[in-house]
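Have a look at the structure below before the remarks.
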Amino acid sequence: CAQTLPAPQPILPGALAWFSPPNNSTVRGAWMLGGEKEAAPYIFRVVLAKDGKLPVHTHPESRHTTVLSGTLYVGFGPEFDASKMVAVPAGAIYVAPANVPHYLWARDGEVSYQESGTGPTATVPFKP
C-alpha cells in the first residue's frame with residue numbers, strides 16, 4: 001500500500017523576521033524554529049557584522065552554537081577581555097553553559113551562526 005508523504009517545507013532565511021536588539025545595529029537575529037517564550041526546542045539564527053560585539057550576557061539555559069560562516073571570537077567571564085577569547089571557525093560548535101557570562105566578537109569579518117537550546121530563553125545583560 002503506497003503512502004503519500006508530505007513534501008519537505010524549507011525555512012528560508014529571506015522569509016524570517018530579522019531584528020536587532022536596542023542599541024546594537026551590528027547584530028541581526030531571527031527565530032527559525034520556536035521562540036523566546038516557548039517551552040520547546042528552538043533554533044535562532046544570528047548575523048554579526050564585521051567588528052560587531054555582543055557585550056557580556058547570560059542565558060538561563062545552555063546554548064549550542066554552530067558557526068556557519070566566518071570566525072566567531074568567544075570569551076567566558078564577567079568582563080569583555082579580548083585576550084581571553086577563543087576563535088571558533090566556520091563548521092565548529094561551542095557550548096555556552098546556563099548562566100555563564102560570555103561575550104562575542106566578529107573580529108575578522110561578518111559571522112553567521114546558529115544557536116539551539118530548549119526554551120523559554122532570554123538574553124540577560126551581565127552586571128557583576
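Heavy atoms only: backbone and side chains are in, while hydrogens, waters and symmetry mates are out.
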Measuring only between side-chain heavy atoms, which start at C-beta, is [X] closer than 4.5 Å to [Y]?
X	Y	answer
Val74	Trp105	no
Met85	Phe80	yes
Leu48	Thr26	yes
Glu115	His64	no
Phe76	Pro97	yes

Nearest 0.5 Å, what's the [atom1]-[atom2] distance between [X] and [Y]?
X	Y	atom1	atom2	answer
Thr121	Glu36	OG1	CD	6.5 Å
Arg63	Thr58	CZ	OG1	9.5 Å
Arg45	Trp18	CZ	CH2	6.0 Å
Leu54	Thr123	CG	OG1	8.5 Å

Q: Show the numbers, then the answer: is there a side-chain contact (heavy atoms from CB on, under 4.5 Å) between Val86 and Tyr94?
A: CA-CA 10 Å; Val86 173; Tyr94 79 91; over 6 Å; no

Can you name the nearest heavy-atom pair linking [X] to [Y], along with the distance?
X	Y	result
Pro120	Pro60	O-CG, 4.3 Å
Tyr113	Val67	CB-CA, 4.0 Å
Val56	Tyr103	CG2-CD2, 3.7 Å
Ser112	Val47	OG-CG2, 4.3 Å
Lys53	Asn24	O-ND2, 2.9 Å
Pro101	Asn99	CD-O, 3.6 Å

Q) Do the side chain of His57 and the main chain of Val124 share a donor and acceptor less than 3.5 angstrom apart? A) no

Q. Just by distance, with hydrogens left out, do Gln114 and Thr66 show a side-chain donor and acceptor under 3.5 Å apart?
A. no

**Q.** Basic-acidic side-chain contact under 4.0 Å: Lys50, Glu110
**A.** no

Q: Verify side-chain contact (heavy atoms from CB on, under 4.5 Å) between Tyr42 and Glu61, making sure each step is shown before the conclusion.
A: CA-CA 12 Å; Tyr42 64 81; Glu61 82 296 345; 2.3 Å; yes

Same cluster (ILVMFWY, side-chain, under 4.5 Å), [X] and [Y]:
X	Y	value
Trp31	Val27	yes
Ile11	Ile43	yes
Phe44	Val100	yes
Val111	Leu68	no
Val46	Leu12	no

